[in-house]
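Reviewing the structure listed below.
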Amino acid sequence: MHIERVWFPQETLKLAFKVYPASVPTPARKILYLDAHTGDLISFGSGATHDNGLVYPWDAFPNFYNKPPSTTLLDVVQHSFNGGRSIRGRDFHSSNTCFHYQCPTANCTELQSYCVDPTPNMTQGKDYRTTDYYFASDAKYIDLYKDWDALGYKNGLIIMKWENAAVFAPRLTKPQGDWGSNIDFSTLSGREQNDAFAELQAYHLFTLHAQFMRNLTQSSDRCFFGTGQNCTQMDPRSNRTGTQYDTPLRFVVNYQSINTFPTDSKYPDFLTQMQQGKGKTVQDPIIFDQSTDYADAFFTAGSQMLVDNRDCSDGSCVSLYDAQFAHFAFGQTAGPSGSDWALNSCIVFHELTHAFVFKFIPDLPSYTWSPNGMSSEPGALNEAWADYFAAIHCGIADFTKTYNSRPRRSLINSNTCVDKVGEVHADSIVFSGALWKIRSMIPGLNGLQVSDQTLFDKIVLKSLMMGQATDNFTTQLKMILQLLQTDPKLNVLYQEANAEFTRRVFDCHPVTRISEQSDPTFSLPDARTTPKKRSTTPTQLLIQPRKSDWQVSVKWKQWFQSPLLGPLYSGYGQSQMDLLVSPCEISIENPEKPVGLCQTNVSLSWNKSMYKNQTREGYFDFSVSGDTYLWIGSSVNASMVLYSSSFTFYGFNNIWRYTFAVVGCMQLLFLLTHLILFFLKWIKVFNRDQSLMIFVAVNAFVQAGAASLAIIGIIFGIVRDLMTVLMFCTIPVQTLCDLLFLWNAVIPVPKLGFRKWMLMISIGWLVIGMCSLAIVISYDTPIWLHALFYCLFVAVWLTRQLTLVYPHFVKRTASAVELLQQQ
């Protein structure tokens, strides 16, 4: 029997005891309300009922500024505490991000507290309460090389406090009519930072998805809440489905996080407080008193602790960051482009599915070690399931098309194992994309209909419910294939599903091909998250240089993801990465003894990358003589991000680009010289024949364009080959300019056959340039052939320049000197 003290609303709030059998799941509970002073029965009723509320439909597109229809709210528990504040149901209980809460009397429990907006005539601690949250951070986040213990930071920890931290407390109230009928929808924009409507809408979406998922189950003892036959028993705390989900799951809306770099705080900024010597003890912490928007949502499994009776007297309610119990949180961003994550049905469905995954596989890790190094597949499975069941319910597979364009991923894709980057959300689309592709095939295949997609959804859910902590993409997809093969109707899908799963996972070799156009970003989790105390990129990289390349340089923007301070370039962000280089595939099954799998195994050793403080970049240079395998790893005790990795191949292709860049700059300098002469006293001479000036200008601008293309190719690897082709394509343009000049210009040095000589040089320039282009774009051109055509190219270019420019310059100079002598 469970007993809790509540405030029961009659003429006034009356202290009462709420009594119900905790061993009976909420759908079957009968709840008694007894007068706390007399023991008399005040009320008696079912543990769950339905109610009505003004809520938007579940299509992920709230119709703001318009009053939503009255809709049945599922499983609402009769509201009998705190005057009807918050909405509490069979499975879910609402709260809000609250910085100031109030108790009906001097003392109250957390569920009896409610959110208030303090006014000047209210007294802190009496009329409203606040709470503080203390936390610690590894000082190496700030500086990796300081001896923090010697500086007085015990165990190298910086002690911090969030003053007046946000707590769980409801803002929503139950009016006389429908839920939400006291809300002014004409002003509701979805950008309000502390509105009560988000509580109501999120509750509606939670209950819809719980009902949707129940309808997909095929077994009476496969329960999302409760356990046993027909789900009539409470989850035992000792079994593998450990969370006591028949206690209503808490969710908080309008979630705010700590602002560690505020602009309007009464306290100095973080670094200034550190310089003042703060943060060494709990008595003198670094203090924050401002919050900031949180543009995300999450489910945290927490523990099984019950919080109904947590004492909130003296401002001791649990803060959002203190919470150890399972709960959901939905962020809110303000401003013209702001949005409320609790109003996006796809997001709410996604987060609730995470809770269901935890119910059946509570020990599913995020990362594990595999023969192919660090694997994000367990965590990616969790995200993929959440995406898949959210997508089939909200009806949107491309989440970027939802009301707030989140999450930024789509189930409509062709990704395979080589597209993994080490981040569970990004990697999840390999698995979810495979499921969605098969689901999309069903209508019209061998007589199957749209309604048969639900049968496939049930198979995916059954496979999830049978999941183990050791599962990965392969084991789950094989389980789905087994279930398809034995299904009397969907067995016709087996061949198509097997082919799709084979392409994406089964026969997918985890080696990612890299070229100069590659621009990948990798996430490497904290090395302590894997049994080998090392993390790596999820695939090894195959570098395929040209035959004329002799060195490759890889560089990346580098930071680590602090759990509280966000992305930081300091401290661990300056760490050196570990890299393996091999002429053949690499095995790191034992990361302490990596080997190259050549004809005979070659022992390898980890190399350290370099780091540039000025540009915040990590980089590593290595020699190549053919295909080369590269594996990037980390032994850092922090989650690292290697952003926008770029690969530069050093060889003749690079020399060609630098040559065009230099030639273009020289031509511009030559033009500038002519312009200076043109506008000096020699202008009278040049005015007699401006054809040379026009030719020099046009030629300079064309070569400047080629130089610009070359420079773009040097800087941006992703367009390097394209820029190289366009760079050579300026040669026909320059040849055309030569021919037009020869046709129209008066040759300043009228020697016999001079026009023919110039024509021959121009045509030779064109032929050599186009042959050089063919050589440059080929990956198989040897160095000696590059060198031969490079010498020919430079020689023809110099001859062309002297032929077309030098005689004219001599002529004009002589004429100018003669004119000056006459003056």
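Note that these values count all heavy atoms, side chains included, but never hydrogens, waters or copies made by symmetry. We count residues from 1, following the sequence as given.
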Establish, from distance only, whether the side-chain atoms of Ser639 and Asp526 form a donor-acceptor pair under 3.5 Å. no
Thr97 side chain to Tyr294 side chain, donor-acceptor N/O pair below 3.5 angstrom: no
Which heavy atom of Ser645 sits nearest to which heavy atom of Trp556, and what is that distance? OG-CB, 3.7 Å
Does NZ or CZ of Lys612 lie under 6.0 Å from the centre of the six-membered ring of Tyr619, at an angle within 45° of the ring axis? yes
Kindly say whether the aromatic ring centers of Tyr643 and Phe522 come within a distance under 6.0 Å. no
Tell me, do Lys161 and Ile286 make a side-chain contact under 4.5 Å, heavy atoms counted? no
Phe728 and Phe660: aromatic ring centres closer than 6.0 Å? yes
So is Arg534 actually on top of Trp369's ring, under 6.0 Å and inside 45° of the axis? no
If we ignore angles and hydrogens, is there a donor and acceptor under 3.5 Å between the side chains of Asp293 and Gln256? yes
Specify the closest pair of heavy atoms between Trp631 and Ile586, including all atoms of both residues, with the distance to one decimal. CZ3-O, 3.5 Å
Ser432 vs Asp387, side chain to side chain donor-acceptor pair (under 3.5 Å): CA-CA, chis, key distance, verdict: CA-CA 7 Å; Ser432 61; Asp387 279 353; 4.9 Å; no
Ala426 and Val421 have their tightest heavy-atom pair at CB-CG2, 3.8 Å
Using every non-hydrogen atom in the two residues, find where Tyr267 and Gln273 come nearest and quote the distance to one decimal. CB-NE2, 3.8 Å
Tell me the closest heavy-atom pair linking His786 and Thr781, and the distance in Å. CD2-CG2, 3.5 Å
Please indicate whether Lys401 has more than 12 foreign heavy atoms, meaning atoms of other residues, nucleotides or ligands, lying under 6.0 Å from its NZ. no
Quiz item: cation-pi between Lys280 and Tyr153, 6.0 Å / 45°: yes
What one should report as the nearest heavy-atom pair of Arg657 and Ile714 is CB-CG1, 4.0 Å
Going by an N to O cut-off under 4.0 Å, is there a salt bridge joining Asp147 and Lys140? no
Considering only heavy atoms from C-beta outward, does the side chain of Ile543 approach that of Pro545 to under 4.5 Å? yes
Fit a plane to each ring of His350 and His354, take the angle between them on a 0 to 90° scale, and name the class: parallel (under 30°), tilted (30 to 60°) or perpendicular (over 60°). perpendicular
Only residue of Trp341, Phe298, Phe330 satisfying ring-ring contact (aromatic ring centres under 6.0 Å, His included) with Tyr255 is Phe298
Under a 4.0 Å N-O cut-off, is there an ion pair linking Lys266 with Glu163? yes
Salt-bridge present (Lys154, Asp149; N to O < 4.0 Å): no
Looking only at side chains, do Asp398 and Thr400 share a donor and an acceptor under 3.5 Å apart? yes
Among Tyr133, Tyr321, Phe288, exactly one meets ring-ring contact (aromatic ring centres under 6.0 Å, His included) together with Trp162. Which residue is that? Tyr321
So, are Lys532 and Glu589 salt-bridged, with charged N and O less than 4.0 Å apart? no
Examine the side chains of Thr130 and Asn164 and answer whether a donor and an acceptor come within less than 3.5 Å of each other. yes
Out of Leu773, Val776, Ile775, which residue meets the side chain to side chain contact (heavy atoms under 4.5 Å, CB included) rule with Trp656? Val776
With side chains defined as the heavy atoms from C-beta onward, is the minimum distance between Ile287 and Pro285 less than 4.5 Å? yes
Pair Asp340 + Arg191: basic N to acidic O under 4.0 Å: no
